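Step one of this worksheet: look at the structure below.
Labels below follow one simple rule: chain letters A, B, ... track the order of the sequence lines, proteins then strands, and each chain is numbered from 1. Keep in mind that what you see is a predicted model, and the values were worked out from it rather than measured.
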Amino acid sequence: MSEVRVRFPPSPTGYLHIGGARTAIYNWLFARKHGGKLVLRIEDTDAERSTEESIKGIIEGLEWLGVDWDEGPYFQSSFASEHVAAAGKLLASGHAYKCFCTKEELEARREAAVAAKADYRYNGACRELSPEEVAAREAAGLPAVIRFKVPQGEGSVVFNDLVYGVVERDYRDIEDFVIVRSNGLPLYLLCNVVDDIRDRISHVIRGQDGLVNTPRQILLYRALGAAPPIFAHMPLTLDLKKAKISKRSHGEIVAVQFYRDHGFLPWALVNFLVLLGWSPGDDREIFSREELIEAFTLEGVNRANSIFNYKKDDPKFFTDPKAININAHYLRTIPVAELAQWVKPVLEREGIWDPAYEGEKREWFHKTLEMSRERFHTLTDFATIGRAWFADDFPMDETALQKNLLKHPQMKEWLPQLAQRFAALPEITHDEAERVAREFAEEHGVKPGVPINAARAVITGQNKGPSMFEVFAHLGKEKVVQRLREAGKYFEGQN
RNA sequence: GUCCCCAUCGUCUAGUCAGGUCCAGGACACCGGCCUUUCACGCCGGCAACACCGGUUCAAAUCCGGUUGGGGACGCCA
């Protein structure tokens, strides 16, 4: 078989959403697996809704995900003359005809059909118009659309979908569809086919919502004298109410950019998305790029739609828990040096980035990431939960304040005392910190956890985190002593 | 209303094509335990599904039919 060529043809009417991203990923994987080419084609023929900003957003989204293409971006609008020529060819060859029915007439018929609970389909009123009748209407200046002449009578279009198997559709169930608007602009069905022929697309991998279009497009290929590509339709991604996910009704939670802004590692999102409707056939769920390309097959694509289980207002999970989990997995397993590259822009955005983290404080910075990442889920956690590592103005967690500090009023005096002990040390090491803290607790007759966790609160603003002995040693004597000395400020205004 | 697609734990899924090894496996989530100064990680354990009815068969999650449920399409959008 000849070269594998697939395409991702987004219409630039909004940002890149996870459904589109998944389609792009499947195409990309298929191309990479077979040593083929991925073509990016922007389908901007709907000039009214297409925007420059959207095009930019889609391209940025793909780049961020790491989905690279080999050709394009091409713009459908720049091939308008080809589309018009194809329509002319179909008209000339008798595969299409002009239809003078007005929008109003058609709408009225459609509404009547709905009211009567009947099937509505174009009745072919203009199909048998004689050349004279057509000429007369044109002479009268009546606007016309061009419709494709679907074969009549017995027969059907049959094709073998790589995911859904043999799909058959009777001619009688396909109406004479419009291929050119009355203003002369060709419609998607035609443009798409003309572009795919020109771009020598071998496999069309798209959402299942395009399944009903396929028979009509195959008819178009035949009429145009071209061999249809191989089709593979993927199941759809549904929301919690099992409705098709769309940017319009779901907003930012389905936008790829949302995940970038909320601290996702792009590959983690790819890894999650690919699992939504595909399985390698075994228990693997975490894949490197190479492993995924190797494992991916269209046969492994599920036929049932899947639900994107996002937890929008959940304090712990702001999206699908599995997506978060996969992101957390990568967060704590990628090389620290790589993680540092991802954390940098997050800290920069918060204004707490120090260039020295790439210079003399590099080792310290990497160790900090190493210590923190075990309990983080997203990159943004480094700037929020982990802020105390990088800035002195960090917020105090309410639970930490109540349970670790205010619950033990003695801490107001004890913590500054503990500061003195640390200050007396030439340097705080893990073992020294542990010795000092335990002795301190013993002298005051409390469990070690009490002063230790109170210290955690004033030093990190959190009630959870890495071992405090490590924190004492790693944060450094100066900051530890200073924060412990100022512990009293948290008690002001109390009782 | 018409046409088409789909149906395994709460979610993502393996198993369905080649019926028995499946009183259904994994992951996430959830619950419990261990570890521990805390939280997490990790480890151990638990909860939890073949939509329903009928048929074929010695045997059905798997094959067939029907029912129900869900989804998609039905545009001079892409």
Of A/Asp199, A/Asp196, A/Asn27, which is the lone residue that meets side-chain hydrogen bond (donor to acceptor under 3.5 Å, both in side chains) with A/Arg7?
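Output: one option passes, namely A/Asp196.
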Can you tell me which residue among A/His366, A/Arg373, A/Lys367 is in a side-chain hydrogen bond (donor to acceptor under 3.5 Å, both in side chains) with A/Glu370?
A/Arg373
Could you tell me whether [X] and [Y] make a salt bridge, using a distance below 4.0 angstrom between a side-chain N and a carboxylate O?
X        : Y        : value
A/Glu43  : A/Arg41  : yes
A/Lys311 : A/Asp320 : no
A/Arg438 : A/Glu434 : yes
A/Arg284 : A/Glu291 : no
A/Arg435 : A/Glu432 : yes

Counting any heavy atom closer than 4.0 Å, what does [X] reach on the DNA or RNA strands: base, sugar-phosphate only, or nothing?
X        : answer
A/Phe308 : nothing
A/Lys242 : sugar-phosphate
A/Gly281 : sugar-phosphate
A/Gln462 : nothing

Considering only side-chain heavy atoms of [X], which listed nucleotide, [options], is closest?
X        : options             : value
A/Arg438 : B/U37, B/C6, B/C76  : B/U37
A/Pro321 : B/A29, B/U11, B/A14 : B/A29
A/Glu43  : B/U13, B/A73, B/A78 : B/A78
A/Val212 : B/A73, B/C76, B/C12 : B/A73
A/Arg147 : B/C76, B/U11, B/U2  : B/C76
A/Arg456 : B/U13, B/C30, B/U38 : B/U38
A/Val145 : B/C76, B/A29, B/A78 : B/C76
A/Ser306 : B/A29, B/C77, B/U13 : B/U13

Let's test this: given Watson-Crick or G-U wobble pairing with both distances under 3.5 Å, identify the partner of [N].
N     : value
B/C58 : B/G20
B/G42 : B/C34
B/C50 : none

Got a list of protein N/O to nucleotides 40-47 of chain B N/O distances below 3.5 Å?
residue: B/A40; atom: O2'; partner: A/Glu374; partner atom: O; Å: 3.1
residue: B/A40; atom: N3; partner: A/Arg375; partner atom: NH2; Å: 3.2
residue: B/C41; atom: O2'; partner: A/Glu374; partner atom: OE1; Å: 2.9

Reckon [X] has a side-chain N or O less than 4.0 Å from the OP1 or OP2 of [N]?
X        : N     : value
A/Arg181 : B/C77 : yes
A/Lys311 : B/U11 : no
A/Asn302 : B/A14 : yes
A/Thr13  : B/A78 : no
A/Asn305 : B/G70 : no
A/Arg110 : B/G75 : yes

Please figure out whether A/Gly210 or A/Asn213 has its closest RNA chain B nucleotide nearer the 5' end.
A/Gly210
At their closest point, which heavy atom of [X] faces which heavy atom of [Y], and how far apart are they?
X        : Y        : answer
A/Asp44  : A/Ser50  : CA-OG, 3.5 Å
A/His377 : A/Leu331 : C-CD2, 3.5 Å
A/Val134 : A/Leu129 : CG2-CB, 3.9 Å

Please list, by residue number, the residues of residues 151-172 of chain A whose heavy atoms come closer than 4.0 Å to an atom of RNA chain B; answer none if no residue qualifies.
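Residues of residues 151-172 of chain A under 4.0 Å from RNA chain B: A/Tyr164, A/Arg169.
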So, with a heavy-atom separation below 4.0 Å from RNA chain B, the residues of residues 441-453 of chain A are A/Gly449, A/Ile452, A/Asn453
Test log, rule ring-ring contact (aromatic ring centres under 6.0 Å, His included), inputs A/Phe296 and A/Tyr26:
CA-CA 8 Å; A/Phe296 187 78; A/Tyr26 283 12; 5.3 Å; yes
For the pair A/Tyr221 and A/Phe231, name the ring-plane relationship: parallel under 30°, tilted 30 to 60°, perpendicular over 60°.
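Geometry flag for A/Phe231 against A/Tyr221: perpendicular rings.
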Parallel, tilted or perpendicular, as decided by the 30° and 60° cut-offs, for the rings of A/Phe318 and A/His262:
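A/His262 vs A/Phe318 ring planes: tilted.
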Residues forming a side-chain contact (heavy atoms from CB on, under 4.5 Å) with A/Glu111, sequence neighbours excluded
none
Applying side-chain contact (heavy atoms from CB on, under 4.5 Å) to A/Asn183 and not counting sequence neighbours gives A/Arg181, A/Leu185
For nucleotides 24-26 of chain B, list the nitrogen or oxygen atoms of the protein found under 3.5 Å from its nitrogen or oxygen atoms, one pair per line.
residue: B/G26; atom: N2; partner: A/Glu285; partner atom: OE2; Å: 3.2

Rounded to the nearest angstrom, tell me the gap between atom CZ in A/Phe148 and atom P in B/C76.
16 Å
Is the Lys NZ or Arg CZ of A/Arg147 less than 6.0 Å from the centre of A/Tyr97's six-membered ring, within 45° of the axis?
no
Roughly how far apart, to the nearest Å, are B/G46 and B/G25 at atom P?
11 Å
Using the P atom on both, measure B/A49 against B/G71 and round to a whole Å.
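The answer is 24 Å between these two P atoms.
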